[in-house]
Amino acid sequence: MVPMTSSSNANFPNMRLRRFRKSAGLREIFSETRLSASELVMPFFVTHGKNIRKPIEPMPGQFQFSVDQLLLEIKEITALGIRSVLLFGLPKDKDQQGSEAFASAGIIQQAVSAIKSHDTDIVVITDVCLCEYTDHGHCGVLNDGGVDNDATLDLLGKIAISHAKSGADIVAPSAMMDGQVGHIRKALDDAGHNQAGIMAYAAKAFSSFYGPFREAAGSSPKQGDRRAYQMNGGNIRESMREMELDVAEGADLLLVKPALAYLDVISNAKNSFNLPIASYNVSGEYAMLKAAGANGWINEKSAILEIMTSLKRAGSDLIITYFAKDLALILKEGLDE
Ligand code: PBG
C-alpha cells in the first residue's frame, strides 16, 4: 500500500484517474489483469461407447463424451488456444473398491492414450479419486468408521500409476485423504514415472457447489456426506496447513476449489507458496451463471469474463472451468455488446 501523501500533487484536481479510462486504447494498455486461453483447463466427462455426446442437464452446454467424440471436441478447443484438459471417467461397472479406476482398460486409461496418440502436445490432467467408481459413491474404501484413509492411499497410488502409464502428464488427486500426495509421489517414482506431475487438490472445501458434477459423474455418496474428509470452507488457516503439507509431500501445483467463494484462499496461496496456483470454477458456479444467463437475468458473456478475471486477479495461474471454450471464444472474438 502506498501511504496517503499530504502533497497536493497527489490529490484532485491534479490526479484524475478517469484519464486512463477515456478510450478503449487507454483502458486496454492499462489493464492490470489479462486472460489468455492457454491458462484455462477444460474439464471433460468421458464415457464408454461410441458416438456419444450426452447432454448433462444441470450443466447446459456440457456433455458426457465417448472417446471418439471427445477427440473431436478437443480439436475444437485446441484450435481456440486451450492447451490442457482435466478428465473424469464414468465406469462401466461400479464396485466397493472402484476397480475400474485403476484398470488398464478403464475409461480414463483409454481416453488418455487415445488423446495422446492424436496430439502429443495437449496437457492431459486426470482426476485421481474413487467416487465415480465405487458403488457407495465415497472417495475411498469404507470400513466400519467411514472412509479408510490408509487403505484408500494404496488404491489412489494404483490409479495414478495407471494414468501415468497411459500418458497423463499430471495426476490430480481429489479424494482429500491425508498423505495422498506423498503416497502418490512415491508410487509414481517407484513405478518409473518420475516425470508425471501432481496437481494437489490442496484446499478442497466441502461444498454445495459440486451438485451438478455429481449428476454429471454419477458420484453422489449413497449414504452420508463428505464432511469427514473435505475441508470446512470457513477454515483459512487449515487451508494453509493442507497446502503446506501437500508442498512438503511433493506437489507440483496447488489447487483451490471451489473458486469464487474462496478468492481469499487463492490469494493467500499465491502469496505463501512459489508453486503455480490453480483454481477450480466448479460445476455449481457454472450452473448458476448458465441459469441466470438463459433467463436473461445477467449478461452471461461479460459475467464469465468478470468472474474469470477475478480468479486471475486473486492469484490463479491456471483456471479450471467448464467455461473454458466459451471464454476462449470471447477472448478471440470479443464481447458482442
Ligand atoms: C471428485 C470430485 C468432485 C469434483 C471434482 N472431483 C466432486 C466431489 O468432491 O464431490 C467437483 C467438481 C465440480 O463440481 O465441478 N472427488
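Whatever order the structure lists ligands and atoms in, that order sets their numbers, starting from 1. Here, residue 1 is the first one in the sequence, and each next residue gets the next number.
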- Item | Row check, Y229 ring normal vs K204 NZ/CZ: under 6.0 Å, within 45° | no
- Taking only heavy atoms of the protein into account, state which residues are under 4.0 angstrom from an atom of ligand 1, in chain and number order. F88, D127, C129, C131, C139, S174, K204, F209, Y210, F213, R214, R226, Q230, K257, Y280, V282, S283, Y322
- Please state whether the rings of Y286 and F323 are parallel, tilted or perpendicular, taking 30° and 60° as the class boundaries. tilted
- Is Q109 close to H163 at the side-chain level, that is, under 4.5 Å between some pair of heavy atoms? yes
- Message: Applying the ring pair (Phe, Tyr, Trp, His ring centres under 6.0 Å) criterion to F88, which one of F44, Y322, F213 satisfies it?
- Response: F213
- Just checking, K257 and Y210: is the charged tip under 6.0 Å from the six-membered ring centre and within 45° of the axis? yes
- Face-on cation placement of R53 at F63 ring, 6.0 Å and 45° thresholds: yes
